[in-house]
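Heavy atoms only: backbone and side chains are in, while hydrogens, waters and symmetry mates are out. If you read the sequence from its start, that first residue is 1, and numbering goes on from there.
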Amino acid sequence: MLIGLCGGLCAGKRAVATFLVDVLEFTELVLVEEQDDDGSPTPDVSPNPGVISFNNVQDLMDYITPRWTQRFVLTAIKDKKVLDELSTRPFFILIGVDAPVCVRWARCVKRREATGAPSIALEDFLRHSDKQMYDPVTGIIGIVDRATIKLVNLDNSLAALHRKLVYLNLTDSERLRPGWDAYFMQLASLAAKRSNCMKRRVGCVLVREKRVIATGYNGAPRGLKNCNEGGCARCNGGSAGGTALDACMCLHAEENALLEAGRERVGAGATLYCDTCPCLTCSIKIVQVGISEVVYYQGYSMDAQTAAILKDSGVKLRQYHPPKDGVVG
């Protein structure tokens with residue numbers, strides 16, 4: 001595993017790297033080509049003991065590839081070409097570290113005091129910070145935007161930062177290669193993007209023996225005007241969720257997937273993945289067609305009724321909980 005770190009001045013990249021080295025037994029790596037002096041107002045912070053330096057990204061990749069099961073952390077990624085190369089590898093994950101500008105400025109002032117450097121005005125710090133992030137040539141905003149996890153390091157307490165890092169469980173193997181649940185749920189979420197229903201986007205995938213049988217998303221039936229074009233008066237009106245369903249023209253994602261597959265193709269041992277818990281009506285059809293397990297991500301207003309129907313029918317129901325990513329404050 002290789003974790004790359006990026007982020008603003010004094011955001012806490014060094015503190016994250018030190019935690020990974022000291023607590024999770026990572027080895028710190030440094031790219032010499034990424035260490036050029038950029039006029040940063042923050043004094044240099046010594047890397048962790050045992051750091052390994054490389055002249056270029058190819059040398060680094062040649063070293064890591066046969067050792068990918070070990071743990072490495074690379075700090076201060078600044079070059080998009082370097083990130084492009086790293087991102088092609090299945091053992092790499094990028095983490096962005098950030099904090100409010102006043103918090104980062106206070107850290108910079110404190111760090112300069114500790115090293116005997118003169119203090120820095122907020123305006124000067126902002127100028128350096130903006131250049132680091134938004135410079136047309138060297139700015140890292142495009143790199144930070146590609147981070148899988150965006151850690152907001154608000155606190156001046158290392159203990160608080162460490163609790164966040166423990167919570168994230170960064171060494172979870174599913175962060176590198178999604179497990180089957182993650183894989184099929186992501187396919188369901190992708191199917192949901194095709195939905196034309198004005199009430200809610202829902203996607204569904206039918207699976208047997210880890211092979212996709214059918215997919216579905218909710219919307220008006222084939223040949224009719226799409227829901228988002230006015231095809232369903234109920235969805236385009238003010239009806240509350242779960243009401244006036246008898247007037248709804250839309251097929252649910254589960255219904256579309258089941259109709260696409262048919263009972264014969266579903267067969268025994270099939271699993272239905274849906275990014276939203278099936279409603280009561282869909283649950284009855286799920287039971288009838290012979291689905292063995294339902295895996296869902298988000299809850300719905302009929303969860304209790306759905307759970308009761310599936311339990312009585314011997315269909316396993318469970319909720320999928322993915323590793324935490326995105327913005328973590």
K.L.:
OG of Ser283 to CD of Glu254: how many Å apart, nearest 0.5 Å?
P.N.:
7.5 Å
K.L.:
Honestly curious: do Tyr297 and Leu272 fall in one hydrophobic cluster under the side-chain, below-4.5 Å linking rule?
P.N.:
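They do not share one cluster, since no chain of ILVMFWY contacts under 4.5 Å joins Tyr297 to Leu272.
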K.L.:
Do the non-hydrogen side-chain atoms of Tyr300 and Arg200 ever get within less than 4.5 Å of each other?
P.N.:
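When only atoms from C-beta onward are counted, Arg200 and Tyr300 do touch, with a gap below 4.5 Å.
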K.L.:
Which atoms form the tightest heavy-atom contact between Met1 and Phe26, and what is the distance?
P.N.:
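Shortest heavy-atom separation between Met1 and Phe26 comes out as SD-CZ, 4.0 Å.
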K.L.:
Taking only residues two or more places apart in sequence, or in another chain, which ones meet Glu229 in a side chain to side chain contact (heavy atoms under 4.5 Å, CB included)?
P.N.:
Lys225, Asn226
K.L.:
With a 4.5 Å limit on heavy-atom distance, are the side chains of Leu74 and Val30 in contact?
P.N.:
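No, their side chains stay 4.5 Å or more apart.
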K.L.:
I want to check something: taking the side chain as every heavy atom from C-beta on, are Leu29 and Val73 in contact at a cut-off of under 4.5 Å?
P.N.:
no
K.L.:
Ignoring hydrogens and geometry, is there a side-chain-to-backbone donor-acceptor pair from Arg112 to Ala117 under 3.5 Å?
P.N.:
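Not confirmed, Arg112 side chain does not pair with Ala117 backbone.
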K.L.:
Checking side-chain contact (heavy atoms from CB on, under 4.5 Å) for the pair Leu24/Thr171: CA distance, chi angles, key distance, verdict?
P.N.:
CA-CA 9 Å; Leu24 299 182; Thr171 57; 4.3 Å; yes
K.L.:
Could you measure the distance from the CG atom of Leu5 to the NZ atom of Lys13? Nearest 0.5 Å is fine.
P.N.:
8.5 Å
K.L.:
So, using side chain to side chain contact (heavy atoms under 4.5 Å, CB included) as the criterion, who are the partners of Lys110 when residues are at least two apart?
P.N.:
none
K.L.:
Would you say CD of Gln298 has more than 12 non-hydrogen atoms from neighbouring residues, nucleotides or ligands within 6.0 angstrom?
P.N.:
yes
K.L.:
For the side chain of Asn228 and the backbone of Cys197, is there at least one donor-acceptor N/O pair under 3.5 Å apart?
P.N.:
no
K.L.:
Ile3 and Val166: same hydrophobic cluster, using ILVMFWY side-chain contacts below 4.5 Å?
P.N.:
yes
K.L.:
Grab the two heavy atoms, one from Ala220 and one from Asn196, that are nearest each other, plus how far apart they are.
P.N.:
N-OD1, 3.4 Å
K.L.:
Could you name each residue pair satisfying salt bridge (Lys or Arg N to Asp or Glu O under 4.0 Å) that touches residues 168-180, not counting sequence neighbours?
P.N.:
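Those involving residues 168-180 do not exist here.
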K.L.:
To the nearest 0.5 Å, how far apart are CG in Leu126 and CZ in Arg104?
P.N.:
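Interatomic distance, Leu126 CG to Arg104 CZ, rounded to 0.5 Å: 8.0 Å.
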K.L.:
For Arg89, does the CZ atom sit with more than 12 other heavy atoms under 6.0 Å from it, leaving out its own atoms?
P.N.:
yes
K.L.:
State, with a plain yes or no, whether a side-chain heavy atom of Cys108 is found less than 4.5 Å away from one of Ile120.
P.N.:
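Counting from C-beta outward, Cys108 and Ile120 do come under 4.5 Å.
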K.L.:
Identify each donor-acceptor pair in which a side-chain atom of residues 321-329 lies under 3.5 Å from a protein atom, sequence neighbours left out, and give them as a table.
P.N.:
none

K.L.:
Tell me whether Asp275 contacts the main-chain N or O of Tyr296 through its side chain, where contact means a donor paired with an acceptor under 3.5 Å.
P.N.:
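Checked: no pair found.
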K.L.:
Can any side-chain N or O of Ser129 pair as donor or acceptor with the backbone N or O of Phe125 at less than 3.5 Å?
P.N.:
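Side chain of Ser129 to backbone of Phe125, a donor-acceptor pair under 3.5 Å: no, none is there.
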K.L.:
Go through the structure and list residues passing side chain to side chain contact (heavy atoms under 4.5 Å, CB included) with Val287, not counting sequence neighbours.
P.N.:
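With neighbours one apart ignored, the set is Ile309, Leu310, Ser313, Val315.
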K.L.:
Write out all pairs satisfying salt bridge (Lys or Arg N to Asp or Glu O under 4.0 Å) with one or both partners inside residues 113-130, taking only residues at least two apart or from two chains.
P.N.:
Glu123-Arg127, Asp124-Arg127
K.L.:
Ignoring hydrogens and geometry, is there a side-chain-to-backbone donor-acceptor pair from Ser195 to Asn218 under 3.5 Å?
P.N.:
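Side chain of Ser195 to backbone of Asn218, a donor-acceptor pair under 3.5 Å: yes, one is there.
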K.L.:
Is the number of heavy atoms from other residues, nucleotides or ligands within 6.0 Å of OH (Tyr183) greater than 12?
P.N.:
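Counting neighbours around OH of Tyr183, 12 or fewer heavy atoms of other residues, nucleotides or ligands fall under 6.0 Å, so no.
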K.L.:
Does one hydrophobic cluster hold both Leu154 and Leu165, with members joined at side-chain heavy-atom distances below 4.5 Å?
P.N.:
no
K.L.:
When you measure from the side chain of Thr306 to the backbone of Pro278, do you find a donor-acceptor pair of N or O atoms at a distance under 3.5 Å?
P.N.:
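Such a contact is found between Thr306 side chain and Pro278 backbone.
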K.L.:
Report yes if some heavy atom in the side chain of Glu260 is under 4.5 Å from a heavy atom in the side chain of Thr215; otherwise report no.
P.N.:
no
K.L.:
Identify each donor-acceptor pair in which a side-chain atom of residues 137-149 lies under 3.5 Å from a protein atom, sequence neighbours left out, and give them as a table.
P.N.:
{"unit_1": "Thr138", "atom_1": "OG1", "unit_2": "Asp135", "atom_2": "OD1", "d": "3.2"}
{"unit_1": "Arg146", "atom_1": "NH1", "unit_2": "Asp84", "atom_2": "OD1", "d": "2.9"}
{"unit_1": "Arg146", "atom_1": "NH2", "unit_2": "Asp84", "atom_2": "OD1", "d": "3.1"}

K.L.:
Flag the pair His162 / Val23 as yes when at least one side-chain heavy-atom distance between them is below 4.5 Å, and no otherwise.
P.N.:
no
K.L.:
Quick check against the 3.5 Å criterion: does Asn153 have a side-chain atom that pairs as donor or acceptor with the backbone of Ala11?
P.N.:
yes
K.L.:
Going by atom type alone, with no hydrogens or angles, which donor-acceptor pairs under 3.5 Å involve a side-chain atom of residues 201-212 and a protein atom two or more places apart or on another chain?
P.N.:
{"unit_1": "Arg208", "atom_1": "NH1", "unit_2": "Arg265", "atom_2": "O", "d": "2.3"}
{"unit_1": "Arg208", "atom_1": "NH1", "unit_2": "Val266", "atom_2": "O", "d": "2.7"}

K.L.:
Using side-chain heavy atoms (C-beta onward) and a distance below 4.5 Å, is Leu190 in contact with Gln186?
P.N.:
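A side-chain contact is absent here, since even the closest heavy-atom pair is not under 4.5 Å.
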K.L.:
Hey, any chance Val289 and Leu259 share a hydrophobic cluster, counting ILVMFWY side chains that come within less than 4.5 Å of each other, even indirectly?
P.N.:
no
K.L.:
Could you go through Arg14 and Glu28, starting from their C-alpha distance and side-chain angles, then the distance that decides it, and tell me whether this counts as side-chain contact (heavy atoms from CB on, under 4.5 Å)?
P.N.:
CA-CA 10 Å; Arg14 169 56 48 201; Glu28 183 175 351; 2.9 Å; yes
K.L.:
Going by the side chain to side chain contact (heavy atoms under 4.5 Å, CB included) test, name the single residue among Asp22, Val21, Val16 that passes it with Thr18.
P.N.:
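Among Asp22, Val21, Val16, the one meeting side chain to side chain contact (heavy atoms under 4.5 Å, CB included) with Thr18 is Asp22.
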K.L.:
What salt bridge (Lys or Arg N to Asp or Glu O under 4.0 Å) pairs are there with at least one residue in residues 49-62, not counting sequence neighbours?
P.N.:
none
K.L.:
If only atom types and distance count, is the side chain of Asp98 paired as donor or acceptor with the main-chain N or O of Gly7 below 3.5 Å?
P.N.:
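Between the backbone of Gly7 and the side chain of Asp98 there is no qualifying donor-acceptor contact (under 3.5 Å).
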K.L.:
Report the C-alpha distance between Glu85 and Val82 in whole Å, list the side-chain angles of each, state the deciding distance to 0.1 Å, and finish with yes or no for side-chain contact (heavy atoms from CB on, under 4.5 Å).
P.N.:
CA-CA 5 Å; Glu85 176 62 31; Val82 169; 5.9 Å; no
K.L.:
In this structure, is the centre-to-centre distance between the rings of Tyr63 and Phe54 below 6.0 Å?
P.N.:
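For Phe54 and Tyr63, the ring centres are under 6.0 Å apart.
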K.L.:
Say whether Arg71 and Thr27, considering side chains only, have a donor N or O and an acceptor N or O under 3.5 Å apart.
P.N.:
no
K.L.:
Would you find a donor on one side and an acceptor on the other, under 3.5 Å apart, between the side chain of Thr115 and the backbone of Arg111?
P.N.:
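Yes; judged by distance alone, with no hydrogens or angles, the pair exists.
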K.L.:
Which heavy atom of Asn236 sits nearest to which heavy atom of Gly230, and what is that distance?
P.N.:
ND2-CA, 3.8 Å
K.L.:
Check the hydrophobic clustering (I, L, V, M, F, W, Y; side-chain heavy atoms under 4.5 Å; chains of links allowed) and say if Ile286 and Leu251 are grouped together.
P.N.:
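No, it is not one cluster - the side chains of Ile286 and Leu251 are not joined through contacts under 4.5 Å.
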K.L.:
Is there a side-chain contact (heavy atoms from CB on, under 4.5 Å) between Leu151 and Leu161? Walk through the geometry before answering.
P.N.:
CA-CA 9 Å; Leu151 179 64; Leu161 175 62; 3.8 Å; yes
K.L.:
If the condition is ring-ring contact (aromatic ring centres under 6.0 Å, His included), which residues does Tyr273 pass it with, not counting sequence neighbours?
P.N.:
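For Tyr273 the ring-ring contact (aromatic ring centres under 6.0 Å, His included) partners, ignoring immediate neighbours, are Phe184.
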K.L.:
What salt bridge (Lys or Arg N to Asp or Glu O under 4.0 Å) pairs are there with at least one residue in residues 280-309, not counting sequence neighbours?
P.N.:
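Applying salt bridge (Lys or Arg N to Asp or Glu O under 4.0 Å) to every pair that reaches into residues 280-309, excluding sequence neighbours, yields Glu255-Lys285, Glu293-Lys316, Glu293-Arg318.
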K.L.:
Taking only residues two or more places apart in sequence, or in another chain, which ones meet Trp68 in a side chain to side chain contact (heavy atoms under 4.5 Å, CB included)?
P.N.:
Phe91
K.L.:
To the nearest 0.5 Å, how far apart are OG in Ser87 and CZ in Phe92?
P.N.:
5.0 Å
